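This report refers to the structure that appears directly beneath it.
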Amino acid sequence: MTSSAILTHPIRPINDLPIDETLADALLGSINDYREQLHGRRLWLACSGGRDSLALAALCVQLYRQGRLPCLPQLLHVDHGLQADSQHWATHVANWAKMQQIPCHILRAQVTGRDEQAARQARYNAMRAHINQDDVLLLGHHADDQAETVLMRLIQGAGVNGLSGMQPWRVQTQHGRRHALWRPWLTVRRATISNYAKRLALPYIDDPTNETGDNVRSGLRRDIMPVLATYNPNVIDNIARSAQLLGDAQATVNVQAEQDMQQTADESLQLPAAQRVLNIDTLQVLPIYRQRQLLHHWLGQDEPLPPAKQLVDDVWNLTQRSDHDHQTELFWQARTQSYVVRRYRQQLYRLSNEWLSWLDRPLMVQAQPLSSLDLTTNESAESDFALLTVRRSEDYIWQLQVYPDALARLIECHIGALNAVLKIKPLDRKQRVQTALATRSQSGKKLYQTLGIPLWLRESLVVVSVVLLDKEHAKNEIPILLLSPFDRWILKNDFSSNTKSLGSDIDDVFKNVISVVE
């Protein structure tokens, strides 16, 4: 059994069939443009089996066999089961690849939703999960696709970034994994690809949904583009050229926004892509148009599509407020994650919902004798250290790095004891503690306000104590350090008359480490 969507041409070797030099020049020219970025990186080709991707795969095979292409990409075909014949399409692509002696991997994907956007996201997710860090994914998008993309974004009210369309080379990062999308055919017309596929008699898959007009893109292709061509027959090339010019303009804007962000971001509070923080005082020094552009750039980090103008306006308005309301939050459902934007004092936070969920996880309570701390050998460190996990999940991990030798010296010097246990436990809201700079102990809301702890971090405070096992010490649990994921405070206690000296010693003992799990 086969599928009626597959052209009836037989599968045959294409090595010796004629090459289209226009398509070859575009591919080889793009290789020259991105030679440095491509060097030493594994190459994959997203192959749906349709005309464009199969033609690109065929050209790669021909150029490689002739020695004009330095390496042969591996094909990735995703079967997400939305079409009744999708399994036949996957088998067909695999059989074609086997005949051409090009590696091919069939991936399965689960689609959440029934629209084309959901299917596209599922395909990319499946391919991202399969490829490795810094690999390159080759895509068969062309000038007609680019023109349709620009028109779609124009209808949606996009700015310079959206109207610059698809980029020929784009690095994407998600959950700490980085890869590049490479589109060498954005200057090539669909008709050129069609003529090449026809000359080679490529048995490509002609997906019937491409021309039915049941989504915006196919509607533009079927109804709008032919009308625009009656006004100017070069409309496709002109729109693609405008996208390229706008891409250059956006690159200039991005450089300015990146420079502004480096001056405005609070690096001590960053955890890409979980938490991004801007200083509002520094932001407001900029001209208003640069403030808005910076917010647009800042919000869109870690996302393939930019935020809507309304969201940027709402976030800008949040930065202009002079009241002390810290409850307001703005929600953004982006492509890869959902986020909450909040303000606390003069800091602006973009928080992923995954990160906020992680902050709700229970903290680990632990007590370990100094003698039993598991040491980790680290060639870059001056001495061995132990790692104690405070909180972790599949996405993030919060650890306390402890140097046992330095801790033993601290206890002996300031407390006068040798036999001790290191204890980590959550701060109880009613527990009173006194930081080194405070004149008295505090608890609960007053403590949070004194330390400047945002609402969403208030359940993520832990106290590090030393528990003395020597019988002559009447008070055996001594709090020495208060920790949050991004800060720490030395605590006053009855055993240290010189808090400044204790603080200096503690700097040699503990290091707070919070990171994204790779």
Side-chain angles (χ1 to χ4, degrees), residues 1-20 23 27 41-66 69-111 116 118-132 135-142 145 179-185 193-194 196-210:
M1 183 177 179
T2 184
S3 168
S4 59
I6 302 174
L7 270 64
T8 56
H9 302 305
I11 294 177
R12 57 174 180 165
I14 47 87
N15 293 351
D16 299 327
L17 298 180
I19 287 179
D20 186 292
L23 298 178
L27 176 58
R41 301 173 75 172
R42 182 177 296 179
L43 186 61
W44 307 86
L45 194 159
C47 185
S48 66
R51 175 194 54 224
D52 305 331
S53 62
L54 202 66
L56 183 54
L59 184 65
C60 287
V61 170
Q62 290 180 309
L63 292 176
Y64 179 74
R65 304 301 179 203
Q66 291 183 5
L69 193 69
C71 64
L72 193 62
Q74 300 185 54
L75 303 189
L76 291 178
H77 177 87
V78 180
D79 177 7
H80 43 43
L82 290 183
Q83 299 290 339
D85 292 341
S86 64
Q87 58 181 337
H88 301 299
W89 297 355
T91 301
H92 177 72
V93 171
N95 291 338
W96 184 88
K98 183 178 180 180
M99 175 63 73
Q100 314 310 328
Q101 297 181 327
I102 182 173
C104 179
H105 304 263
I106 305 299
L107 310 177
R108 311 293 173 183
Q110 190 71 34
V111 181
E116 176 57 30
R120 183 181 299 109
Q121 186 62 41
R123 288 197 297 272
Y124 278 109
N125 288 343
M127 290 187 287
R128 270 194 295 262
H130 184 82
I131 65 179
N132 298 317
D135 285 356
V136 178
L137 185 60
L138 182 59
L139 302 169
H141 296 128
H142 45 71
D145 292 328
H179 67 278
L181 300 180
W182 179 31
R183 300 179 175 96
W185 275 358
I193 301 172
S194 296
Y196 171 64
K198 185 177 181 180
R199 287 197 301 273
L200 266 60
L202 285 180
Y204 62 83
I205 301 165
D206 190 11
D207 186 346
T209 64
N210 286 338

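Here the structure is a predicted model, which is why all the values come from computation and not from measurement.
When all heavy atoms of Ala58 and Ile14 are compared, the closest pair comes out as O-CD1, 3.5 Å. The minimum heavy-atom distance linking Met127 with Ala46 is given by the pair SD-CB, 3.6 Å. What you find for Val93 and Gly49 is that their closest heavy atoms are CG2-CA, 3.7 Å. Looking at every heavy atom in both residues, Leu139 comes nearest to Pro184 through O-CD, 3.7 Å. The minimum heavy-atom distance linking Ser4 with Asp85 is given by the pair N-OD2, 4.2 Å. Between Leu69 and Cys60 the shortest heavy-atom distance is CD2-O, 3.5 Å.
In this structure, Ser194 OG and His142 NE2 are separated by 7.5 Å, a value rounded to the nearest 0.5 Å. With values rounded to the nearest 0.5 angstrom, Trp182 atom CH2 is found 9.5 Å from Leu45 atom CG. Atoms CD1 and CG, on Ile205 and Leu54 in that order, are 8.0 Å from each other to the nearest 0.5 Å. Within the model, atoms NE2 of His9 and CD1 of Ile11 stand 12.0 Å from one another, a figure rounded to the nearest 0.5 Å. Note: Leu56 CG to Leu59 CG = 7.0 Å, rounded to the nearest 0.5 Å. Atom OH of Tyr204 sits about 11.5 Å away from atom OG of Ser48, to the nearest 0.5 Å.
Separation of the His179 and Trp44 ring centroids does not fall under the 6.0 Å cut-off.
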Give the intermediate values and the outcome of side-chain contact (heavy atoms from CB on, under 4.5 Å) for residues Leu181 and Leu138.
CA-CA 6 Å; Leu181 300 180; Leu138 182 59; over 6 Å; no
When you look at Tyr124 and Leu137, which way does the side-chain contact (heavy atoms from CB on, under 4.5 Å) test go after all the steps?
CA-CA 10 Å; Tyr124 278 109; Leu137 185 60; 4.2 Å; yes
Stepwise side-chain contact (heavy atoms from CB on, under 4.5 Å) test for Leu63 and Leu27:
CA-CA 10 Å; Leu63 292 176; Leu27 176 58; 3.8 Å; yes
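In this structure, the side chain to side chain donor-acceptor pair (under 3.5 Å) partners of Gln62, at least two apart in sequence or on a different chain, are Tyr196. Partners of Arg42 according to the salt bridge (Lys or Arg N to Asp or Glu O under 4.0 Å) rule, which considers only residues two or more places apart in sequence or in another chain, do not exist here. For Arg12, the side chain to side chain contact (heavy atoms under 4.5 Å, CB included) criterion is met by Leu17, Ala201, not counting sequence neighbours. Considering only residues two or more places apart in sequence or on other chains, Arg123 meets the salt bridge (Lys or Arg N to Asp or Glu O under 4.0 Å) condition with Glu116. Listed by chain and number, the residues in a salt bridge (Lys or Arg N to Asp or Glu O under 4.0 Å) with Asp52 amount to none (sequence neighbours excluded).
Between the side chain of Asn125 and the main chain of Gln121, a donor-acceptor pair closer than 3.5 Å is present. In this structure a side-chain-to-backbone donor-acceptor pair under 3.5 Å is missing from Asp145 to His141. In this structure a side-chain-to-backbone donor-acceptor pair under 3.5 Å is present from His92 to Pro203. The backbone N or O of Val61 sits nowhere less than 3.5 Å from a side-chain atom of Gln100 that would complete a donor-acceptor pair.
Residues Pro13 and Met99 form a side-chain contact, since some pair of their non-hydrogen atoms from C-beta on lies under 4.5 Å apart. Annotation: side chain of Leu76 is in contact with side chain of Ile131 (closest heavy-atom distance under 4.5 Å). Residues Ile19 and Gln66 are in side-chain contact: their nearest non-hydrogen atoms beyond the backbone lie under 4.5 Å apart. For the pair Arg51 and Leu7, the minimum side-chain heavy-atom distance is 4.5 Å or more. The side-chain heavy atoms of Ile6 and Trp89, taken from C-beta on, include a pair separated by under 4.5 Å.
Under a 4.0 Å N-O distance rule, the pair Arg199/Asp20 qualifies as a salt bridge.
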What side-chain donor-acceptor pairs closer than 3.5 Å can you find for residues 101-110, not counting sequence neighbours?
unit_1, atom_1, unit_2, atom_2, d
His105, NE2, Gln74, OE1, 2.6
Arg108, NH1, Asp79, OD2, 2.6

